[in-house]
Amino acid sequence: MKKINVIILMLSLIGFIASSCVKENTKEDIKEIIPQKDVPTATGQRITMEKTSGGSSDILEADYVLSASVGHNSTDCNNSCTMVGGVTCHVNCQGWGSICNSTATVNVKKAAGKSHSYQATTLNNYGPTDGLTYNMPARSFYIAYAGFTNGYIWLNVPAQILQRNNINQYFHYSNISFTSQALYSNL
């Protein structure tokens, strides 16, 4: 009889330990189980209302805060993980600090003489980096805004080298486009 009690006690103890080691699913776990293929890695936030130029209003012309991961540790790739200027290479962390996150507040306006092309200028002299140049990889920024047809839009910036303006120290982005689908894979 004592042997049976010991066995029952051992089985109970094993069952208790096994059940306490089972982890409950959290939202983070569910994301791992169910892949989110449309989770944006570069995002933006519209911070002004549309502006009027020449008597017509363009809903895309506005101020935006753009945030993205730019670069990574060299151990994470084989020097061929990012496309910059038509060449595959490795891009070290860019932006402030060493966390590979970059943020810039920009004013977006329609490019002169181009019907579907826009340009942007930073609104301050500290974003996206404190350097004189910024190796901007191609990024598609997901912008959620109720005023857009689907409630969102993608702001696409092609790869380019940004240089500070000598007068006000701001960066200028060119050839920006807006689409309903991301144009770049945000590597």
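What's counted below: heavy atoms across the whole structure, side chains too, no hydrogens, waters or symmetry copies.
- Separating the OH atom in Tyr64 from the OG1 atom in Thr48 is a distance of 7.5 Å, to the nearest 0.5 Å.
- Shortest non-hydrogen contact noted between Val157 and Leu155 is CG2-CD2, 3.6 Å.
- Summarising the geometry, atom NZ belonging to Lys110 is positioned 11.0 Å from atom CD belonging to Gln119; distances are rounded to the nearest 0.5 Å.
- Between Tyr142 and Trp154, the distance from one ring center to the other falls under 6.0 angstrom.
- The CZ atom of Phe178 sits 11.5 Å away from atom OG of Ser140, with the distance rounded to the nearest 0.5 Å.
- Between the side chains of Thr179 and Asn156, at least one donor N or O sits under 3.5 Å from an acceptor N or O.
- Heavy-atom minimum distance, Phe141 versus Gly44: CB-N, 4.4 Å.
- Contact check for Arg46 versus Ile59: side-chain heavy atoms found under the 4.5 Å cut-off.
- The closest side-chain heavy-atom distance from Asn135 to Ile161 is below 4.5 Å.
- The environment of His172 atom NE2 is dense: over 12 non-hydrogen atoms of other residues, nucleotides or ligands sit within 6.0 angstrom.
- Residues Leu60 and Phe148 have side chains in contact (heavy-atom distance under 4.5 Å, counting atoms from C-beta outward).
- Lys109 places none of its side-chain heavy atoms less than 4.5 Å from the side chain of Tyr118.
- For Asn124, the side chain to side chain donor-acceptor pair (under 3.5 Å) partners two or more places apart in sequence, or in a different chain, are Tyr126.
- Within the 4.5 Å cutoff, the side chain of Tyr184 has heavy atoms near those of the Pro158 side chain.
- For Leu123, the side-chain contact (heavy atoms from CB on, under 4.5 Å) test picks out Asp63, Thr105, Asn107, with sequence neighbours left out.
- Put simply, Tyr170 and Leu162 are part of two different groups of oily side chains (I, L, V, M, F, W, Y) that touch within less than 4.5 Å, one to the next.
- The CG atom of Leu66 sits 11.0 Å away from atom OG1 of Thr122, with the distance rounded to the nearest 0.5 Å.
- Here the closest heavy-atom approach between residue Ala138 and residue Asn186 is recorded as O-OD1, 4.0 Å.
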